[in-house]
There are 2 protein chains.
Amino acid sequence: MNTKERARYEARARIIKALAHPTRLFLVDELSRGERCVCELTEMVGADMSTVSKHLAVLKAAGIVADEKRGSQVFYAIRCPCVLKFFECVETVLKTSAREQAALVR
Amino acid sequence: MNTKERARYEARARIIKALAHPTRLFLVDELSRGERCVCELTEMVGADMSTVSKHLAVLKAAGIVADEKRGSQVFYAIRCPCVLKFFECVETVLKTSAREQAALVR
DNA sequence: TGGCGAATTGGTAAAATGACCAAGGATCGA
DNA sequence: TCGATCCTTGGTCATTTTACCAATTCGCCA
């Protein structure tokens, strides 16, 4: 793995890392249904607003969501809907694992 | 977000976390071309074998790869090929970001 | 214009992650 | 059986991540 290759994998890892947290997955899932302001998301997540704000900042830095200030509120929206396909695959992995577990117990 | 929901997002995050490291992305990429033994992968990655072994253990625990001992070697292989679709999306995100950057400079 | 709600940012402490070294188990050829 | 190779595991230390609190900024309206 040379330097250039490594840089490519690091760039990819940065995106995936941004998704590698339960709260951020929830945020993406929720935003996939339409834009939401931070206070709405905070309410749903049930954590400190500063925590949610920071999670959103991570997603934004990765280019996964976009923000727009309107009045005193900030609305976030998905920028790359393909991210949702992640979930399908993740579910496949989970189901495959579950099946194997079941097979072992059988 | 109730307890059950949270558990679902945590399960998903575990899978994605397993992919959220440049070396592990490289390993998955390489394994997508066919099974490899740990010593081959170690050679390619250029890190300590114990480091590579631990990365592989993370992927295995997530159910993304499977291992098979044959003689003195251990071969790893992809278990859920759909993981490769992650990369397409990740590239899309990266390209979109790059385009926006370019637009800002223009 | 004073104050309130919305949001971000800085700071801090706890927990998780990651890399390497050292040690140990398994397999194979001499 | 001895030694070499392959691989995993345990330990340690540095770095990163994350959650909350406190402080600050911004917009709105009473």
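Values reported hereafter were calculated over all heavy atoms of this structure, with side chains retained and with hydrogens, waters and symmetry mates removed.
Along DNA chain C, the nucleotide nearest to A/C39 and the one nearest to A/K17 differ in position, and the one closer to the 5' end is contacted by A/C39. Of the residues near DNA chain D, B/Q73 and A/T51, the one whose nearest nucleotide (by heavy atom distance) lies more toward the 5' end is B/Q73. Between A/K54 and A/V74, the residue anchored nearer the 5' end of DNA chain C, judged by the nucleotide with its closest heavy atom, is A/V74.
As a whole-Å value, the separation of B/I16 CD1 from C/dT17 P is 15 Å. Spacing between atom CD of A/E43 and atom P of C/dA6 amounts to 11 Å, rounded to whole angstrom units. C/dA7 atom C1' lies 10 Å from atom CG of A/L56, rounded to whole Å. Between the C1' atom of C/dT9 and the CE atom of A/M49 lies a distance of 14 Å, rounded to the nearest Å. With rounding to whole Å, A/E68 atom CD is found 18 Å from C/dA6 atom P. Between the C1' atom of C/dA19 and the CZ atom of A/R6 lies a distance of 12 Å, rounded to the nearest Å. To the nearest angstrom, P of C/dA16 lies 12 Å from CD of B/E10. What separates CG of A/D48 from C1' of C/dG5 is a distance of 15 Å, to the nearest Å.
For CD of A/E43, the number of neighbouring non-hydrogen atoms (other residues, nucleotides, ligands) closer than 6.0 Å is 12 at most.
Within 4.0 Å (heavy atoms only), A/A47 reaches sugar-phosphate atoms of the nucleic acid but no base atom. Backbone-only engagement by A/Y76 is indicated by non-hydrogen atom pairs under 4.0 Å involving sugar-phosphate atoms exclusively. B/R70 comes within 4.0 angstrom of no nucleic acid atom, judged by non-hydrogen atoms across all strands.
Comparing D/dG11, D/dA19, D/dT8 by their nearest atom to the side chain of A/H21 picks out D/dA19. Checking D/dT8, C/dA6, D/dG27 against every side-chain atom of A/K69, the shortest atom distance belongs to D/dG27.
You won't find any donor-acceptor pair under 3.5 Å spanning the side chain of B/S72 and the base of D/dC7, going by distance alone. No hydrogens or angles were tested; on distance alone, a donor-acceptor pair under 3.5 Å links the side chain of B/S50 to the base of C/dC21.
For the atom pair B/F87 CZ and A/R8 CZ, the distance stands at 9.5 Å (nearest 0.5 Å).
At least one side-chain heavy atom of A/L84 sits under 4.5 Å from a side-chain heavy atom of A/V28.
Remark: side-chain polar atoms of A/S53 are not paired, donor with acceptor, to backbone N or O of A/S50 under 3.5 angstrom. A distance-only check finds a donor-acceptor pair linking the side chain of B/R24 to the backbone of B/A18 [under 3.5 Å].
For the OP1/OP2 pair of D/dA19 and a distance below 4.0 Å, the side-chain nitrogens and oxygens of A/H55 include at least one atom meeting the criterion.
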